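Right, one structure below, let's go through it.
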Number of protein chains: 2
Amino acid sequence: MRMARTQGSHSSSTGPKIRAAAQSLFAQRGFAAVSMRQIAAQVGVQAGALYNYTPDKQALLFDLMRQHMEELLSARRAEALAIVNEGASHALERFARFHIRFHLDRPDAVFIAYMELRNLTEPHFEQIETLRRAYEQELKDILSAGVKAGDFVITDLGVATRAVIAMLTGVTTWYNDSGALSRAEVEDVYWHMVRKSVAR
Amino acid sequence: MRMARTQGSHSSSTGPKIRAAAQSLFAQRGFAAVSMRQIAAQVGVQAGALYNYTPDKQALLFDLMRQHMEELLSARRAEALAIVNEGASHALERFARFHIRFHLDRPDAVFIAYMELRNLTEPHFEQIETLRRAYEQELKDILSAGVKAGDFVITDLGVATRAVIAMLTGVTTWYNDSGALSRAEVEDVYWHMVRKSVAR
DNA sequence: GTCTATACACCGATAGAC
DNA sequence: GTCTATCGGTGTATAGAC
């Protein structure tokens, strides 16, 4: 039986809307628990229409994660490029504050990037992992330079890099804008701890 | 059509087997992506038999998480009770090494405890959260005592507590027994960083 | 580009035999 | 306590009209 068309936006902005809806739902409930029908409902289209924008559900997840990681890496590199010849300690402070700020600004994307890695197919996983390692390397280079300059004392460079990132990223699991501390105060607290953790 | 019985263990150990299978599968693929049929297949029973042991799928997840958190808390308290009158620095070292050891020994349970909180119903979530806060308090008490004694300098006690736990728990995301570092070496590296992060 | 409709598979949970 | 069988629902993805 043929039915009259009941809705449908024919909008050229459907693509971004799908991405936004998927990001919000994936972060809230998890990739596996969200259906294409739920994403479509949030956008205001039927489920079949989503396949004009993504070959499948998993590719939608991958696009979100890749965009997030590329944004993270390029934002970091842009900030690093703007500064030249600063000491290792200032570079570390810049990295720590950047990391906190960037992550607190994007709670949904951050959550997905950390929780949904196992839902990527192998080639997609590899691409995300490459981006993650490149970002990690940014911090590793700072720590390495600080050790060479005698500013830092670090037992194992790789472990220290991951430890600092884990500590900083942890802020996303508890920070709330309506809590007792402002973002600037949180940045300060973490920066002091990071600084001391690699100090002489 | 009635069929002949084809398998079924009638084993009294089915309960533990179900828990083990669920833990392994939930950790690998995520709670929402695992079906009761898959768990049953790994145990060697039919899906319906699982409901002799759990009222529903979500209660199975909760039991795993509660057991893990209770084990974590009681193991920590048992170790703390065995020691009296040690300084804050030694207490912190003990906590750091305990945390790393306990978490590296239970990668599946740890992964589930951190990733699947959102799949708990509200009353179950509250119970797990209470246990998590009690464990966090163990570290907070150590840090607090160290500040009072003048051993530590900490800007914000709550943030520092969460930062140290996040740093230590991070070891589970990369450590591999066949890697370059032994568990003892990893403990040392993290302990040195934790110690300095709260130092004067 | 979106719709309606549907193919085909799988889901959690339950009923009742043994 | 486990089985077989099934209920009612939902899943991803696709086909074809407009």
Side-chain angles (χ1 to χ4, degrees), chain A residues 1-23 25-26 28-64 112 116 118-121 124, chain B residues 1-26 28-65 112 116 118-121 124:
Chain A
M1 173 178 40
R2 293 182 51 256
M3 306 280 288
R5 183 210 210 93
T6 54
Q7 45 176 335
S9 62
H10 283 276
S11 165
S12 59
S13 67
T14 300
K17 278 186 190 165
I18 289 172
R19 297 174 47 83
Q23 178 161 91
L25 288 168
F26 289 166
Q28 255 177 63
R29 308 178 201 171
F31 173 77
V34 174
S35 72
M36 294 298 267
R37 287 191 228 273
Q38 288 167 340
I39 297 170
Q42 182 131 325
V43 174
V45 297
Q46 293 302 312
L50 300 183
Y51 292 88
N52 291 320
Y53 298 89
T54 182
D56 55 36
K57 188 186 174 192
Q58 190 266 165
L60 185 51
L61 173 64
F62 170 65
D63 280 347
L64 291 174
I112 292 169
E116 306 295 356
R118 65 181 154 198
N119 288 302
L120 296 176
T121 56
H124 284 167
Chain B
M1 172 179 37
R2 292 181 52 257
M3 304 283 286
R5 183 211 212 91
T6 53
Q7 47 177 333
S9 63
H10 282 275
S11 166
S12 59
S13 67
T14 299
K17 279 185 190 167
I18 289 172
R19 297 173 46 81
Q23 178 162 91
S24 165
L25 288 168
F26 289 165
Q28 256 177 63
R29 309 179 201 171
F31 174 76
V34 174
S35 72
M36 294 299 266
R37 284 173 173 84
Q38 288 167 342
I39 297 170
Q42 182 132 323
V43 173
V45 298
Q46 293 300 313
L50 300 182
Y51 291 88
N52 291 320
Y53 298 89
T54 184
D56 54 37
K57 188 187 175 190
Q58 191 264 166
L60 186 50
L61 173 64
F62 171 65
D63 282 346
L64 291 174
M65 292 179 68
I112 292 169
E116 306 295 354
R118 65 182 154 198
N119 288 302
L120 295 176
T121 57
H124 284 167

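Atom set for the values below is all heavy atoms of this structure, side chains included, hydrogens, waters and symmetry mates excluded. Quick caveat: nothing in here was measured; it's all calculated off a predicted structure. Each chain gets a letter, A, B and so on, in the order the sequences are listed, and its residues count up from 1.
- Shown here for B/Glu116 and B/Gly30, the closest heavy-atom pair between the two residues is OE2-CA, 3.3 Å.
- Atom CG of B/Asp56 is separated from atom C1' of C/dC11 by 14 Å (rounded to the nearest Å).
- Protein atom NZ of A/Lys57 is 12 Å distant from nucleotide atom C1' of D/dT10, rounded to whole Å.
- The side chain of A/Tyr51 sits closest to D/dT14 out of C/dA13, D/dT14, C/dG1.
- Minimum heavy-atom separation, A/Tyr51 to A/Asp56: CE2-CA, 4.1 Å.
- Put simply, A/Ser35 has no side-chain N or O that comes within less than 4.0 Å of OP1 or OP2 on D/dT10.
- Taking 3.5 Å as the limit, the base of D/dT12 and the side chain of A/Arg37 contain a donor-acceptor pair of atoms between them.
- Ring orientation note: the planes of B/Phe31 and B/Phe26 are nearly perpendicular, at an angle over 60° on the 30°/60° scale.
- To the nearest 0.5 Å, atoms CZ (B/Arg29) and CD (B/Gln38) are separated by 4.5 Å.
- Nearest to the side chain of A/Met36, among D/dT12, D/dT2, C/dT2, sits D/dT12.
- Atom pair A/Ile39:CD1 and D/dT10:P shows a separation of 17 Å (rounding to whole Å applied).
- A close approach under 4.0 Å does not occur between any side-chain nitrogen or oxygen of B/Gln46 and OP1 or OP2 of D/dT2.
- Minimum atom distance to the side chain of B/Val45 is reached by D/dC3, of the listed C/dT2, D/dC3, C/dA13.
- Dashed line: the shortest gap from a side-chain N or O of B/Thr14 to OP1 or OP2 of D/dG1 is not under 4.0 Å.
- Residue B/Leu50 contributes atom CG, which lies 9 Å from atom P of D/dT2 at whole-angstrom precision.
- If you measure from atom CZ of B/Phe31 to atom P of C/dC11, you get 13 Å, rounded to the nearest angstrom.
- Closest-nucleotide positions on DNA chain C for A/Ala49 and B/Ala33 were compared, and the one nearer the 5' end corresponds to A/Ala49.
- Out of D/dA13, C/dT2, C/dC11, the shortest distance to the side chain of A/Asn52 is found at C/dT2.
- Between A/Thr54 and A/Met36, the closest side-chain pair of non-hydrogen atoms falls below 4.5 Å.
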